[in-house]
Amino acid sequence: MRTPRGLARLPRAYIPMKNAIYYSIAAAFAEEVGAGQIIGGHNRDDMLVYEDTSDQFFRNLQRALRSGSDRLRSRRLSIWRPLRRMDKASVVSMASKLGVPLELTWSCHEEGTEHCGKCQGCRQRKKAFRDAGVPDPLR
Ligand SMILES: [Zn+2]
């Protein structure tokens, strides 16, 4: 199997076609409620690893979703990714300045009621908060 972005091995958190599945569900919901936009939280760091967060992937996906629904096409459904040019630390910094309740965010790839602190998501979260100089309310 080819790995995303030519990595030697798949990241443990890799889920094949994750974003195609999630955004298809979001598009179905958008059609039902009459929404014209789907907003995703992917950042620049995600795009370095996962092909299904790339600009090209979203251009093609948006086109495919529109082509499968007259209602989405007529609303010119768009997928907006406002964080796509920011790294994780910049996202944390901005969120902190905006007063986002960071204690309610979830980064862990494991199941449970608390972050495991060991998985890739937890390690990236720890690094992002440290790089941003923002104390993580979960630690
Ligand atoms: Zn974790």
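A quick note: this is a predicted structure, and the numbers were derived from the prediction, not measured. Note that ligands are numbered from 1 as they come in the structure, with each ligand's atoms numbered from 1 the same way.
A salt bridge between R44 and D87 is present, with a side-chain N of the basic residue lying under 4.0 Å from a carboxylate O of the acidic one. A salt bridge links D55 to R84: one of the charged nitrogens lies within less than 4.0 Å of a carboxylate oxygen. For the pair D52 and K18, the salt-bridge criterion is not met [side-chain N within less than 4.0 Å of a carboxylate O].
The aromatic rings of H42 and Y23 are tilted relative to each other, their planes meeting at an angle between 30° and 60°.
Judged by distance alone, the side chain of S96 and the main-chain N or O of S93 form no donor-acceptor pair under 3.5 Å.
Of the listed residues (R123, K126, Q120, R125), just one forms a side-chain hydrogen bond (donor to acceptor under 3.5 Å, both in side chains) with S107, and that residue is R125.
Distances from the Zn ion (ligand 1) under 2.8 Å pick out these protein N/O/S atoms: C108 SG, C116 SG, C119 SG, C122 SG.
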